[in-house]
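Encoded as structure tokens, the structure appears first; notes follow it.
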Amino acid sequence: MNPNPPSQVIEVEAKFLGGKEEFARITDWLKAEGFSAEDRDVVQRFHIYFDDGDTLRAKGCRLRCVVAIGEWFRYDFKVDDKPTATLEFSVKRHTPAPLAEIIDELVAQARGCEACNGLMKVRNTARMIAVFVGKHQKTKLWNPQTELEVSWDSLTSVESGAGISEVEVELVSGEPGD
């Protein structure tokens, strides 16, 4: 049991190559269904992934740093807590920090999370394994009962140029049944 559980967010996620069109299709459909919308500008971020070989990925975990140049560095640890949940812990800084220090803070947040035990195992051995340039666009949508956030992410590998695109629909407030 985690004495400091992360906030519970119900998230529905679908990944598509060419997701920009899917993003527009979903937001246009929600607007047609009566949702008000606030579009945000596209932003660019760097996504740096860390692991020790395949240690974290093999356990269903991800350790990354998202960089907003000149603004912040957000370190995220995400773990599949099967069968029903994904847990995510984050540390945000204004400057980069030693990875071992960040891992200590993430482990403290994840106290009691059995699925998170692998993080300490890579504390001193995790290395950068991939760097992506990311474009991110978000639309906030709401009606009297529900608030949603629909986002589109496009990541391109700095090393290979290969890309992936993702559309995510997240329930911000309201009931899942709505």
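For the single chain, residues carry numbers from 1 onward in sequence order.
Results of the salt bridge (charged side-chain N to carboxylate O under 4.0 Å, His left out) test with Lys138 over Glu168, Glu170, Glu149 single out Glu149 as the only residue that passes. Tested against Leu63, the residues Asp51, Leu106, Thr55, Ile129 include a single side chain to side chain contact (heavy atoms under 4.5 Å, CB included) partner, Leu106.
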- request: Please step through side chain to side chain contact (heavy atoms under 4.5 Å, CB included) for the pair Trp142 and Lys140, ending with a clear verdict.
  value: CA-CA 7 Å; Trp142 66 94; Lys140 177 180 154 185; 4.1 Å; yes
Side chain to side chain contact (heavy atoms under 4.5 Å, CB included) evaluation trace for Arg62 with Tyr49: CA-CA 7 Å; Arg62 179 198 77 204; Tyr49 289 82; 3.3 Å; yes
query: Hey, mind stepping through Trp72 and Arg45 against side chain to side chain contact (heavy atoms under 4.5 Å, CB included) and telling me if it holds?
result: CA-CA 10 Å; Trp72 46 260; Arg45 306 279 188 250; 3.6 Å; yes
message: Working note: Glu22 + Lys20, criterion salt bridge (charged side-chain N to carboxylate O under 4.0 Å, His left out); need CA distance, chi angles, decisive distance, verdict.
response: CA-CA 5 Å; Glu22 188 70 8; Lys20 179 75 171 177; over 6 Å; no
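Checked by atom type and distance alone, the side chain of Ser165 pairs as donor or acceptor with a backbone atom of Gly19 at under 3.5 Å. In this structure a side-chain-to-backbone donor-acceptor pair under 3.5 Å is present from Asn143 to Thr146. Counting only distance, with no hydrogens or angles, the side chain of Gln44 and the backbone of Gly134 share no donor-acceptor pair below 3.5 Å. Although no hydrogens or angles enter the test, the distance criterion places no donor-acceptor pair under 3.5 Å between the side chain of Ser160 and the main chain of Ser157.
Between the OG atom of Ser173 and the CD atom of Glu147 there is a distance of 4.5 Å, given to the nearest 0.5 Å. Remark: Glu33 CD to Leu141 CG distance equals 12.0 Å, nearest 0.5 Å. With values rounded to the nearest 0.5 angstrom, Asn124 atom CG is found 10.5 Å from Asp52 atom CG. Once rounded to the nearest 0.5 Å, the distance linking CG of Leu119 with CD1 of Ile103 reads 5.0 Å. Interatomic distance, OG1 of Thr95 versus CZ of Phe73, reported as 7.0 Å (0.5 Å rounding).
Taking 4.0 Å as the cut-off between side-chain N and carboxylate O, Arg64 and Asp76 count as a salt-bridged pair. Electrostatic pairing of Lys92 and Glu71 does not count as a salt bridge here, judged by no charged N lying under 4.0 Å from a carboxylate O. The pair Arg123-Asp104 counts as a salt bridge, with a side-chain nitrogen and a carboxylate oxygen less than 4.0 angstrom apart. By the 4.0 Å N-to-carboxylate-O rule, Arg93 lies close enough to Glu101 to be salt-bridged with it.
No cation-pi contact links Lys31 to Trp29, judged by a cut-off of 6.0 Å to the six-membered ring centre and 45° from its axis.
Residues Val67 and Val131 share a hydrophobic cluster, clusters being chains of Ile/Leu/Val/Met/Phe/Trp/Tyr side chains in contact below 4.5 Å. Both Met120 and Phe50 are members of a single hydrophobic cluster when ILVMFWY side chains are connected at heavy-atom separations under 4.5 Å.
Here Tyr75 and Phe89 keep their ring centres 6.0 angstrom or further from each other.
Nearest heavy atoms, Arg40 versus Gln137: O-CG, 3.7 Å.
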